[in-house]
Amino acid sequence: DFENGVIRYVIYSETGVELSSGNVPQETGKVNLTNNLFLKHDGTAKYTLIIYLKSTNYNQNFSMGSAITGKLIVTSKQLKY
């Protein structure tokens with residue numbers, strides 16, 4: 001088990017702009033990492049998601065070998081303008 005607030009994430013656009021960051025909560029279920037990302041008609045985008053263990057300035061060797069499991073679901077909605 002990981003301490004609460006230690007598992008973090010950051011999402012970058014393909015140009016390196018940070019779009020979202022925060023803690024990965026310990027509860028189970030769906031967690032919204034970001035929203036309101038818009039694409040032009042027939043547009044594409046690439047994103048980088050980094051999940052990491054935040055430094056606590058304490059020995060975290062007990063976390064070595066621990067596993068984080070999950071599923072990434074991307075949903076989209078077409079907006080009419």
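Going from atom CD of E18 over to atom CD1 of I11 covers 9.5 Å, rounded to the nearest 0.5 Å. Here the CG atom belonging to N35 is positioned 9.5 Å from the OG1 atom belonging to T75, to the nearest 0.5 angstrom. Atom-to-atom distance recorded for E14:CD and T48:OG1 is 9.0 Å, nearest 0.5 angstrom.
Under the 4.5 Å side-chain heavy-atom criterion for Ile, Leu, Val, Met, Phe, Trp and Tyr, L49 and V6 are members of the same hydrophobic cluster. Hydrophobic cluster membership differs between I50 and V17, with clusters built from Ile, Leu, Val, Met, Phe, Trp and Tyr side chains linked at under 4.5 angstrom.
The side-chain contact (heavy atoms from CB on, under 4.5 Å) with I51 is formed by just one residue from the set I7, V10, L33, L72; it is I7.
Counting heavy atoms from C-beta on, the side chains of L37 and Y47 come closer than 4.5 Å.
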